[in-house]
Protein chains: 2
Amino acid sequence: MTRELFPNSPNKGEQARRGLLLAALEKFGQRGYDNASVREIADAAGQNVGAIAYYFGNKESLYAEVLKGIGGYLRSILGEYANELRGQLASGNLDPDGARTALKRIFRTMLGEQIDGDFYKVRSVMMREQASPSESFDLLYRETIRPLHELLTRILAVVTGEDPQSPMAIVRAHALFGQVIVFTLARETIRHRLEVPKLGPEHAAMIGDVIDEHIDSICRGFTLPQP
Amino acid sequence: MTRELFPNSPNKGEQARRGLLLAALEKFGQRGYDNASVREIADAAGQNVGAIAYYFGNKESLYAEVLKGIGGYLRSILGEYANELRGQLASGNLDPDGARTALKRIFRTMLGEQIDGDFYKVRSVMMREQASPSESFDLLYRETIRPLHELLTRILAVVTGEDPQSPMAIVRAHALFGQVIVFTLARETIRHRLEVPKLGPEHAAMIGDVIDEHIDSICRGFTLPQP
DNA sequence: GCCAATTTTATACAGGCGTTTGACTTTCTT
DNA sequence: AAGAAAGTCAAACGCCTGTATAAAATTGGC
């Protein structure tokens, strides 16, 4: 649960292992699982091809380890705050205003990470997994994606007064979620449309402002009586 | 500009060509560009491997043709209505209420297509292209995605009163767009969360209802004075 | 400094890939 | 019906892949 994708270590073997994991993340992200060859990954890590078999058994297990690392990293981003919110939800100490603020903070954090941070290395792997989930993706979904999605749904349900288990509440949370991750998933589209060579923190801030507005508007639809 | 992904033809050669394109779309969608082998595609089309070289030159050109077909199909879905809206925009005959209705209709149409329709064959290919755009994707972006995105931005700008060329208007349209396509891009996630084996028309309807609400709320944020 | 365990290395292997080739069959034109 | 054009097909090519092997080099504990 550190902010490091893969923890460092003084051991020689562990360092080689870590180097392979980092190189694998990079190459899998850049070129996809199939296009990234084990030789290429080993070269990028300054290792021999055999090292992958030695440390991970085979290519697929290396990939599974990379996904595990991604899961831990993603959880670490929102980890403490998410637990805090879970506590407030459990004790009933989250009112609609607090829930609205929490949503905005979560989305801001996600946006910041996705546009700066090490996330860019993680992004492509995640996107490819959404397009064609591997067996290892199940683990990532169960341990990382679903808990976050459930948390979002429960927070939003505080605002809307819906049952957080109801399909509509889940769909609503997913739609809101979509407003954020579309800037990751369809990153090239928005980058082209804004005609910028690269999305930076200033874009993350502006996107955050727009999404804040939308969150406020949508929430107001529930707290204000319908006209 | 038909609703057929690839037009049929009485010619023998054209039929073989079409069979290869359909099989290629299916296989590229199921397994990705690299994993779908030319032998596999040819088999699925009931053709010999050499047929791909004969009709398309090589695998990459076959893929480019598939992407072209996808572009035409996507344009055909909203084609007439989009042109109608462009006319209304050009003549200034679109008021905020009409714009809001148009947004809802466009999103409903997209949702319906993405959940039923032939779109499911197209979806995986599109998702993979977002993860790692090929050279052929540029064409798809320029001729299909960008025009739709620009249209959405202009319609939304009628409601918000923003300059449709301004970054905020573009970002706002992208966020709204995200609410819809997240049900395609992160389809597995919502399917798991709703605990259904398959998303059907009834889900498309419910999702449409939720998104309509959100559109209305967000638009009301601009038409009503801030409290 | 030694020995055992760990790590690194080069090489080999079988299999699948996209593509090419050239002979063959079918279809169309006149 | 004949000849040309279009389409089909099996076989083979060179290349790259993931993995296995076994020898060589390095490391760490005593």
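On a predicted model such as this, the values are computed, not experimentally measured, just so you know. These values consider heavy atoms only, across backbone and side chains, with no hydrogens, waters or symmetry-generated copies. The chains referred to below are lettered A, B, ... by the order of the sequence lines, with proteins before strands, and numbering in each begins at 1.
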Quickly work out the B:Q47 CD to D:dA6 P distance and round it to whole Å.
17 Å
Quick one: does NZ or CZ of B:R105 land under 6.0 Å from the six-membered ring centre of B:Y81, within 45 degrees of the ring axis?
yes
How close or far is atom P of C:dT7 from atom CG of A:L20, stated in whole angstroms?
12 Å
Look at the side-chain N and O atoms of B:Y55 and state whether any lies under 4.0 Å from the OP1 or OP2 oxygen of D:dA6.
no
Quick check: does any side chain N or O of B:H174 sit under 3.5 Å from a backbone N or O of B:I170, one acting as donor and the other as acceptor?
no
Checking only heavy atoms, does the side chain of B:R39 share a donor-acceptor pair with the base of C:dG16 at less than 3.5 Å?
no
Which nucleotide, D:dT19, C:dT19, C:dT7, lies nearest any side-chain atom of B:V49?
C:dT19
Write down the distance between CG (B:D34) and C1' (D:dT17), rounded to a whole number of angstrom.
12 Å
Under 3.5 Å, side chain of B:H203 to main-chain N/O of B:G200, donor-acceptor pair present?
yes
Rounded distance (Å) that lies between atom P of C:dT7 and atom CD1 of A:I52:
16 Å
Quick one: label B:A36 by what it contacts on the DNA or RNA (base, sugar-phosphate, nothing), any heavy atom closer than 4.0 Å.
sugar-phosphate
Between C:dG18, D:dG7, C:dT9, which one does the side chain of B:V38 approach most closely?
C:dG18
Report the distance from atom CZ of B:F28 to atom P of C:dC17, rounded to the nearest whole Å.
13 Å
Contacts of A:S37 and B:G50 projected onto DNA chain D by closest heavy atom; the upstream (5') one is B:G50
Rounding to an integer number of Å, can you tell me how far A:L62 CG sits from D:dT19 C1'?
14 Å
In whole angstroms, the gap separating P of C:dT19 from CD of B:E40 amounts to 15 Å
What nucleotide among C:dT6, C:dA10, C:dT19 has an atom nearest to a side-chain atom of A:N48?
C:dA10
Please state whether the phosphate of C:dT19, meaning OP1 or OP2, lies under 4.0 angstrom from any side-chain nitrogen or oxygen of B:Y54.
no
Round to the nearest Å and state the distance from B:R17 atom CZ to D:dA6 atom C1'.
15 Å
So is A:K59 actually on top of A:F28's ring, under 6.0 Å and inside 45° of the axis?
no
Can you tell me how the ring of B:H192 sits relative to the ring of A:Y141, calling it parallel under 30°, perpendicular over 60° and tilted otherwise?
tilted
